[in-house]
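Just below is one structure, and these are the notes that go with it.
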2 protein chains.
Amino acid sequence: MTLPAPQQVRADLDRLLPLFESRYLQPFQQGEAANLALAMTYSLQAGGKRIRPVLCMLAAESLGAPVEAALSCAVALEYIHTYSLIHDDLPAMDDDDLRRGKPTCHVAFGEGPAILAGDGLLTEAFTVLASDPALPPSRRVDAIRVLGEAAGWRGMVGGQALDLEGEARTRGADPVSLAELQVIHRLKTGALLRASLELGAIAGAAGAEDRAALREAGEALGLAFQIQDDILDATSTQEAMGKRVGKDEGKGKITYPLLLGLAGARNALREATERAQCQLRSLPNPHSLMALATYLAGRSA
Amino acid sequence: MTLPAPQQVRADLDRLLPLFESRYLQPFQQGEAANLALAMTYSLQAGGKRIRPVLCMLAAESLGAPVEAALSCAVALEYIHTYSLIHDDLPAMDDDDLRRGKPTCHVAFGEGPAILAGDGLLTEAFTVLASDPALPPSRRVDAIRVLGEAAGWRGMVGGQALDLEGEARTRGADPVSLAELQVIHRLKTGALLRASLELGAIAGAAGAEDRAALREAGEALGLAFQIQDDILDATSTQEAMGKRVGKDEGKGKITYPLLLGLAGARNALREATERAQCQLRSLPNPHSLMALATYLAGRSA
């Protein structure tokens with residue numbers, strides 16, 4: 001989120017990101033596998049937008065909870081997100097050599113170390129959550145269960161597997177349908193974004209109703225985020241995105257602009273964002289979270 | 001453990017393994033990513049010896065606890081072990097095409113799906129632990145923290161990274177020392193075996209003293225296990241092992257027989273096993289666990 005943001009969003013980021021960063025690299029300062037720690041911190045510091053941690057922290061605040069309660073959840077989410085990028089970028093997966101304007105982890109450190117760096121970050125996410133003294137054990141296990149289901153084979157990992165299969169089918173002239181595309185996105189991108197808000201709900205000790213509202217807002221935001229990603233891949237430049245663009249179509253990837261046209265995709269993006277806002281409105285203190293959701297729908301990188 | 005075992009060990013395995021197997025594949029029966037579930041269950045069913053789960057269940061029983069308390073810990077340990085084999089076998093790592101007499105996961109399903117199957121199993125280990133109603137939340141987070149530290153970059157993943165680096169150094173005529181080899185083994189194999197006993201201690205509600213005894217026994221057993229593995233690689237046949245043998249030396253891997261000679265390695269194995277037995281002796285009900293430790297030191301596959 002390095003682009004101009006409205007005042008509310010900018011103020012929230014200036015307040016939350018230093019807190020987050022102070023916790024984020026802490027675990028990796030000592031250890032026998034020094035090069036592995038280097039590979040992990042390389043990817044953690046590659047300039048991500050920290051969307052999931054910020055969503056999580058703002059979700060906790062939207063319930064009136066102190067942001068400190070959500071810090072380990074925020075850190076765990078970004079570890080999971082970063083590991084998934086490292087593994088998705090591997091030659092056997094999406095085969096990307098550039099990410100956020102820097103060489104991807106396997107280009108910088110080699111394939112074996114990159115696989116291990118991903119494994120290390122995935123594992124550390126759960127270790128950090130389990131060790132957080134700011135949350136009672138019952139809420140820690142709740143958060144670990146929700147994160148595990150969102151990140152695992154029923155969620156993000158499953159979505160990436162279906163995406164790989166879909167690309168192979170599309171290359172074989174048996175393209176995926178819109179319904180199949182929606183399943184892929186719900187799992188691959190949506191599950192972790194939904195979990196970002198749900199972990200914020202758990203950290204903020206939400207009641208059942210507020211938790212459901214945050215879950216559903218997260219579901220809608222996840223969809224909006226993916227549509228926007230597809231639109232940007234179709235319309236943006238490599239310079240603005242910090243990664244190769246226009247590669248979706250070249251790789252036979254089915255996207256929203258391809259299926260619905262650019263105007264149709266923009267319409268679907270607007271609808272999903274409005275659905276999220278509608279859920280958030282009823283929370284005790286939703287303004288920052290709503291401002292971020294609006295900003296994300298209009299992001300240009 | 002398909003080889004002849006003494007009566008006590010055989011009776012324990014006959015009692016424990018059906019319980020374990022009934023829980024082990026349960027999570028993977030429904031889900032949208034069907035091929036991914038296939039790849040995960042393929043590796044889970046590839047005929048492993050279930051050493052870590054059995055150690056964990058016997059550790060809980062050595063404290064007088066019911067084995068059911070340790071079931072999710074046992075399952076989580078085997079998920080972690082299986083994921084680590086899938087990733088270690090990848091072309092970018094140890095590049096093995098045969099494991100337990102069957103094609104490795106990436107040979108059977110492709111590299112991308114194998115990476116994801118490993119990621120899915122790693123994640124599921126923590127999800128299963130977090131969701132276990134047989135343990136109070138405080139013990140679940142304790143188990144997750146111990147497992148995460150043992151499996152992650154400070155433990156098993158770190159050991160595999162150091163092992164990869166060590167092989168490259170050895171090929172470059174700068175071989176690792178015995179001290180470095182011991183660090184690699186302590187992390188790569190030892191950490192998860194130690195955690196097997198410590199998770200049993202947590203599941204069995206051990207006091208501090210019994211927990212420390214089980215930890216230290218696990219540390220010694222982990223070393224014994226690795227020495228025995230090296231001895232078997234140097235002396236056994238591919239048929240008996242179900243994987244390629246003699247490849248350690250071919251790949252420039254430093255092993256205990258190479259460093260200490262075969263007799264010296266067998267001596268170190270005996271010492272480590274005795275150290276483990278000495279720790280176990282003081283537990284309330286240690287006989288099954290001690291019998292298994294003795295059996296493992298003499299295993300031939």
Original post:
What do the steps show when you test A:Asn35 against B:Leu162 for side-chain contact (heavy atoms from CB on, under 4.5 Å), and what is the final call?
Top reply: CA-CA 8 Å; A:Asn35 289 331; B:Leu162 291 175; over 6 Å; no
**OP:** Check the pair B:Ile144 / A:Thr127 against side-chain contact (heavy atoms from CB on, under 4.5 Å), numbers first and verdict last.
**Re:** CA-CA 7 Å; B:Ile144 291 167; A:Thr127 314; over 6 Å; no
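The candidate with the highest count of non-hydrogen atom pairs below 4.5 Å against chain B, out of A:Val157, A:Leu187, A:Leu147, is A:Val157. Between chain A and the residues B:Ala39, B:Pro27, B:Gly110, the most heavy-atom pairs under 4.5 angstrom are made by B:Pro27. Ranked by heavy-atom pairs under 4.5 Å with chain B, the first of A:Val141, A:Asp132, A:Asp88 is A:Val141. Among the candidates B:Glu32, B:Arg140, B:Gln160, the residue making the largest number of heavy-atom pairs closer than 4.5 Å to chain A is B:Glu32.
Pairs passing the ring pair (Phe, Tyr, Trp, His ring centres under 6.0 Å) check and including a residue from residues 117-153 of chain A, sequence neighbours excluded, read A:Phe126-B:Phe126, A:Trp153-B:Phe28.
Here the options are A:Leu164, A:Asp119, A:Leu90, the test is side-chain contact (heavy atoms from CB on, under 4.5 Å), and the partner is B:Ile115; only A:Leu90 passes.
Contact annotation for A:Glu149: both backbone and side-chain heavy atoms come within less than 4.5 Å of a heavy atom of chain B. At a 4.5 Å heavy-atom cutoff, the contact between B:Met40 and chain A is made by side-chain atoms alone.
With rounding to the nearest 0.5 angstrom, the CD atom of A:Glu111 is 6.5 Å from the CD atom of B:Glu111. Interatomic distance, CG of A:Leu116 versus CE of B:Met156, reported as 9.0 Å (0.5 Å rounding).
Of all heavy-atom pairs spanning A:Arg145 and B:Ala130, the tightest one is N-CB, 3.9 Å.
Contacts of residues 71-87 of chain A with chain B at a heavy-atom distance below 4.5 Å involve A:Tyr83, A:His87, listed in sequence order.
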